[in-house]
Amino acid sequence: MKWKMNKIPEFILSKEDVDELKNISLKDVINGRLFTRSLIANQLPFALFLAFFAFLYIGNHYRMEEQMREVAVLNKELKSLRYEAITTSSELMFMSKQSEVLKKIKSKDLNLEELTEPPRRLKVNK
């Protein structure tokens with residue numbers, strides 16, 4: 001497929017555009033005359049499009065950092081709750097030992113006795 005001369009892409013700069021870019025000074029950038037040049041003005045919508053995505057990217061980054069801090073706080077809380085659950089479970093296991101139950105029964109004078117013979121199974125006829 002051959003390219004015709006009238007289908008030259010727009011991004012190829014003409015000699016006038018190149019001369020216009022060479023004449024840009026720091027003073028033009030500071031006082032804003034840079035944006036009045038035709039070459040720059042034609043690219044302004046694309047620059048605004050890029051600026052919009054830059055703001056989205058920065059906002060997304062800050063949101064991600066905030067969520068990472070929240071995850072770190074929740075992990076610390078989870079770890080402390082896990083330790084508390086293990087401690088509570090071990091205390092419950094200790095309190096439910098037969099010797100500890102006997103001590104509590106004797107200290108409260110409930111008049112209960114420990115079985116001396118194993119439990120038996122009762123059979124009931126229907």
Side-chain angles (χ1 to χ4, degrees):
M1 179 174 177
K2 293 185 177 183
W3 287 90
K4 295 183 181 178
M5 288 303 286
N6 60 358
K7 291 196 174 187
I8 295 176
E10 293 179 17
F11 61 85
I12 296 177
L13 301 176
S14 66
K15 177 140 177 65
E16 295 88 22
D17 291 339
V18 172
D19 290 338
E20 186 179 337
L21 284 177
K22 286 181 181 178
N23 293 333
I24 294 175
S25 66
L26 182 62
K27 185 179 177 183
D28 290 338
V29 173
I30 291 173
N31 65 17
R33 285 192 197 135
L34 173 72
F35 296 112
T36 60
R37 309 256 178 169
S38 64
L39 180 66
I40 303 299
N42 289 341
Q43 301 301 322
L44 197 57
F46 182 67
L48 293 175
F49 178 73
L50 291 179
F52 173 73
F53 277 111
F55 282 122
L56 283 180
Y57 178 77
I58 291 168
N60 187 32
H61 181 71
Y62 281 122
R63 175 86 170 118
M64 185 263 319
E65 282 183 356
E66 180 183 320
Q67 287 180 345
M68 292 298 288
R69 276 190 239 111
E70 186 178 333
V71 165
V73 168
L74 290 175
N75 279 335
K76 284 182 183 178
E77 185 179 346
L78 178 66
K79 190 181 278 188
S80 69
L81 288 174
R82 185 177 297 139
Y83 292 151
E84 184 180 337
I86 290 171
T87 304
T88 305
S89 174
S90 66
E91 287 174 358
L92 181 62
M93 290 285 284
F94 178 75
M95 289 177 9
S96 64
K97 286 183 2 184
Q98 185 176 0
S99 60
E100 291 298 314
V101 172
L102 284 174
K103 284 181 191 176
K104 287 195 182 217
I105 287 173
K106 287 181 182 178
S107 69
K108 301 220 180 196
D109 289 330
L110 294 177
N111 295 330
L112 294 175
E113 297 178 8
E114 186 177 0
L115 287 176
T116 54
E117 56 186 54
R120 291 181 289 183
R121 189 176 221 177
L122 299 176
K123 291 184 181 179
V124 178
N125 293 330
K126 291 185 179 182

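Being a predicted model, the structure only gives us computed values, none of them experimental.
Rounded to the nearest 0.5 Å, atoms CD (E70) and CG (N75) are 11.0 Å apart. The distance from atom CG of N60 to atom CD of E65, rounded to the nearest 0.5 Å, is 10.5 Å. Rounded to the nearest 0.5 Å, atoms CG (N31) and CG (L26) are 9.5 Å apart.
Judged as a salt bridge (Lys or Arg N to Asp or Glu O under 4.0 Å), the pairs with a partner in residues 79-107 (not counting sequence neighbours) are, in order, E100-K103.
Grouped with L112 in one hydrophobic cluster are V101, I105, L110, the linkage being side-chain heavy-atom contacts under 4.5 Å among Ile, Leu, Val, Met, Phe, Trp and Tyr residues.
In the hydrophobic cluster analysis, where Ile, Leu, Val, Met, Phe, Trp and Tyr join through side-chain heavy atoms closer than 4.5 angstrom, I58 is grouped apart from F52. When the side chains of ILVMFWY residues are joined at heavy-atom separations under 4.5 Å, either directly or via intervening members, F53 and F46 end up in a single hydrophobic cluster. L78 is not connected to Y83 by any chain of hydrophobic side-chain contacts under 4.5 Å among Ile, Leu, Val, Met, Phe, Trp and Tyr, and they are in different clusters.
For E117, the side-chain hydrogen bond (donor to acceptor under 3.5 Å, both in side chains) criterion is met by no residue, not counting sequence neighbours.
Within a 6.0 Å radius of CE in M93, no more than 12 heavy atoms belonging to other residues, nucleotides or ligands are found.
The aromatic rings of H61 and Y57 lie parallel to each other, with less than 30° between the two planes, well short of the 60° mark.
At distances below 3.5 Å, at least one donor-acceptor pair connects side-chain atoms of S90 with backbone N or O atoms of T87.
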Begin with the C-alpha distance, continue with both residues' side-chain angles, and end with the deciding distance and a verdict on salt bridge (Lys or Arg N to Asp or Glu O under 4.0 Å) for E66 and R63. CA-CA 5 Å; E66 180 183 320; R63 175 86 170 118; 3.7 Å; yes
